Structure formats: structure tokens, C-alpha cells
Engineer: 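Questions regarding the structure given below will be posed in turn.
Bear in mind that the values here come from a model prediction, so they are computed numbers and not experimental data. Heavy-atom basis, side chains included; hydrogens, waters and symmetry copies ignored.
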Amino acid sequence: MKKYLFPSLLFLATPAAVLGCDSCGCELCEPGSLGNISAAAGNPYAVSGIAASQSYVFGGVSEQFTSYHSFRDSGASVPNPGNEYEDSSITQFIVGYQINDRLSLQLNIPYIYRAYQRLVGGVNEKNSLSGLGDVSLHINYVA
């Protein structure tokens, strides 16, 4: 039984593939990273008064905006007779908790907004969609 225990634990520790995720552009806060930022080095992002082993709550917001207003074929610009476009905005809300210098939790909540205009049957169709993306909880442990 002992010879099967280690491979079983290794299987559980293997990361799973994620087919789709809306947390692009979002950085994970590594355990102890805020406590290791040195104010003495002149770092403008320094957090003073936090020891690496101290617990704390952190948060943030990031935005990614992409606008598509032209068509391309093999890299060359081609006509856009219907004035079609797509504007995409993904806003990430991040909240986390640093438990100690080895363990942190982070919750990512993306809000997605897309506006578009497309030519359907010779008629311009204009619409927008919005809502929550893939909410994810990240657990980061440094062995």
C-alpha cells in the first residue's frame, strides 16, 4: 500500500488544464511578497510596516480594453463596408488574504463588457453584452 501512496499524492498535486479563463493580465500575489518590498531601496511601491510573516488583506482593480475596427487579410487592410467593429473591456476585481509568509488566497472577479456592430443580411446590427466572467480562487503555497 505504501508504494501507491506517493504516486496518488503526486496525481492530486498535478495542475489541471483550464480551457478558458478571463484572468488575463492579472498577477498573483506571492506569499510574503508585499512584506519583502523594501522602502529603503527607493521603491515607489513599497509597503511599510508589513513583516513577511504578518497576515494582511490586499486588493486591486485592473482594466484591459481592446478595440477592433478594421479587417485584415494576410496582414493587409481590406475594406469594411458595414463599418463593423467590436469593443471589448475586461475589468478585474482582485481581493486576497495573506495568511502567513507561505500561504495566500486570491479571488479574481472579472466583469466583461462587449459592444459590437455587424452586417447581417445587408442590415447593420448593433448590440452589447455584459456580465461576470470566470470567477476564480487562487491558493498559493510556497513549500
Side-chain angles (χ1 to χ4, degrees), residues 1-80 82-120 123-143:
M1 174 159 158
K2 287 184 181 180
K3 68 179 181 178
Y4 297 110
L5 182 61
F6 181 72
S8 298
L9 292 176
L10 188 60
F11 173 74
L12 292 175
T14 305
V18 177
L19 298 177
C21 179
D22 295 320
S23 61
C24 300
C26 173
E27 295 185 24
L28 293 176
C29 185
E30 292 186 21
S33 63
L34 291 180
N36 293 335
I37 297 174
S38 172
N43 189 332
Y45 303 107
V47 179
S48 61
I50 297 178
S53 61
Q54 202 172 355
S55 64
Y56 51 87
V57 175
F58 58 91
V61 177
S62 66
E63 170 73 23
Q64 180 181 5
F65 179 78
T66 309
S67 184
Y68 303 101
H69 285 260
S70 63
F71 289 156
R72 297 201 174 266
D73 183 17
S74 300
S77 220
V78 296
N80 183 359
N83 196 25
E84 297 178 85
Y85 68 86
E86 179 184 359
D87 293 332
S88 176
S89 170
I90 301 175
T91 306
Q92 293 280 342
F93 298 97
I94 303 158
V95 64
Y97 179 60
Q98 173 77 39
I99 297 170
N100 56 36
D101 61 342
R102 293 178 163 252
L103 181 63
S104 69
L105 306 172
Q106 179 175 315
L107 181 65
N108 296 355
I109 305 167
Y111 181 77
I112 302 171
Y113 175 81
R114 293 203 171 111
Y116 63 90
Q117 178 173 302
R118 63 185 178 179
L119 192 60
V120 179
V123 178
N124 273 336
E125 177 185 306
K126 193 173 189 176
N127 202 354
S128 64
L129 306 166
S130 63
L132 288 179
D134 299 331
V135 176
S136 60
L137 175 66
H138 301 265
I139 301 171
N140 194 356
Y141 178 75
V142 177

Engineer: Within the structure provided, determine whether Ile112 and Leu132 are in side-chain contact (heavy-atom separation under 4.5 Å).
Structural biologist: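 No, too far: nothing below the 4.5 Å cut-off.
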Engineer: Suppose we screen for ring pair (Phe, Tyr, Trp, His ring centres under 6.0 Å). Which residues come up paired with Tyr85, at least two apart in sequence or across chains?
Structural biologist: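 Partners of Tyr85 under the ring pair (Phe, Tyr, Trp, His ring centres under 6.0 Å) test: His69.
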Engineer: Identify, with sequence neighbours excluded, every residue that meets side-chain contact (heavy atoms from CB on, under 4.5 Å) alongside Val123.
Structural biologist: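 side-chain contact (heavy atoms from CB on, under 4.5 Å) check on Val123 returns nothing, list empty.
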Engineer: Could you check whether Gln106 and Asn108, counting side-chain N and O atoms only, form a donor-acceptor pair closer than 3.5 Å?
Structural biologist: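 A pair is found: one side chain offers a donor N or O, the other an acceptor, under 3.5 Å apart.
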Engineer: Could you grab the distance from atom OH of Tyr141 to atom OG of Ser104, nearest 0.5 Å is fine?
Structural biologist: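 One gets 12.0 Å once the value is rounded to the nearest 0.5 Å.
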Engineer: I'd like to check the side-chain contact (heavy atoms from CB on, under 4.5 Å) partners of Ser130; sequence neighbours left out, ordered by chain and number.
Structural biologist: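 Checked Ser130 against side-chain contact (heavy atoms from CB on, under 4.5 Å); matches are Tyr111, Tyr113.
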Engineer: Kindly check if the number of other-residue, nucleotide or ligand heavy atoms within 6.0 Å of OH (Tyr68) is above 12?
Structural biologist: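 Open: at most 12 neighbouring heavy atoms sit under 6.0 Å from OH of Tyr68.
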Engineer: Mind listing the closest non-hydrogen atom pair of Pro110 and Gln92 along with its distance?
Structural biologist: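 Heavy-atom minimum between the residues: CB-NE2, 3.6 Å.
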Engineer: Please round to the nearest 0.5 Å and tell me the distance separating atom OG of Ser136 and atom CD1 of Ile109.
Structural biologist: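 If we round to the nearest 0.5 Å, Ser136:OG and Ile109:CD1 are 9.0 Å apart.
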Engineer: Kindly give the heavy-atom pair with the smallest separation between Phe71 and Asn80, and that separation in Å.
Structural biologist: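 The answer is CE1-OD1, 3.5 Å.
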Engineer: Going by the salt bridge (Lys or Arg N to Asp or Glu O under 4.0 Å) test, which pairs reach into residues 86-97, not counting sequence neighbours?
Structural biologist: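 Those involving residues 86-97 are Glu86-Arg114.
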Engineer: I'd like to know if the side chain of Asn100 reaches the main chain of Leu103, judged simply by a donor and an acceptor atom lying under 3.5 Å from each other, with no hydrogens or angles considered.
Structural biologist: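 Judged by distance alone, yes, a pair lies under 3.5 Å.
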Engineer: Do the side chain of Gln117 and the main chain of Asn124 share a donor and acceptor less than 3.5 angstrom apart?
Structural biologist: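 The answer is no, because no donor-acceptor pair under 3.5 Å joins these two groups.
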Engineer: Among all residues two or more places apart in sequence or in another chain, which pass the side-chain contact (heavy atoms from CB on, under 4.5 Å) test with Tyr97?
Structural biologist: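 In terms of side-chain contact (heavy atoms from CB on, under 4.5 Å), with neighbours along the sequence ignored, Tyr97 is linked to Ser55, Val57, Ile99.
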Engineer: Would you say Glu84 and Tyr116 make side-chain contact, with heavy atoms under 4.5 Å?
Structural biologist: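 Result no, sub-4.5 Å side-chain heavy-atom pair not found.
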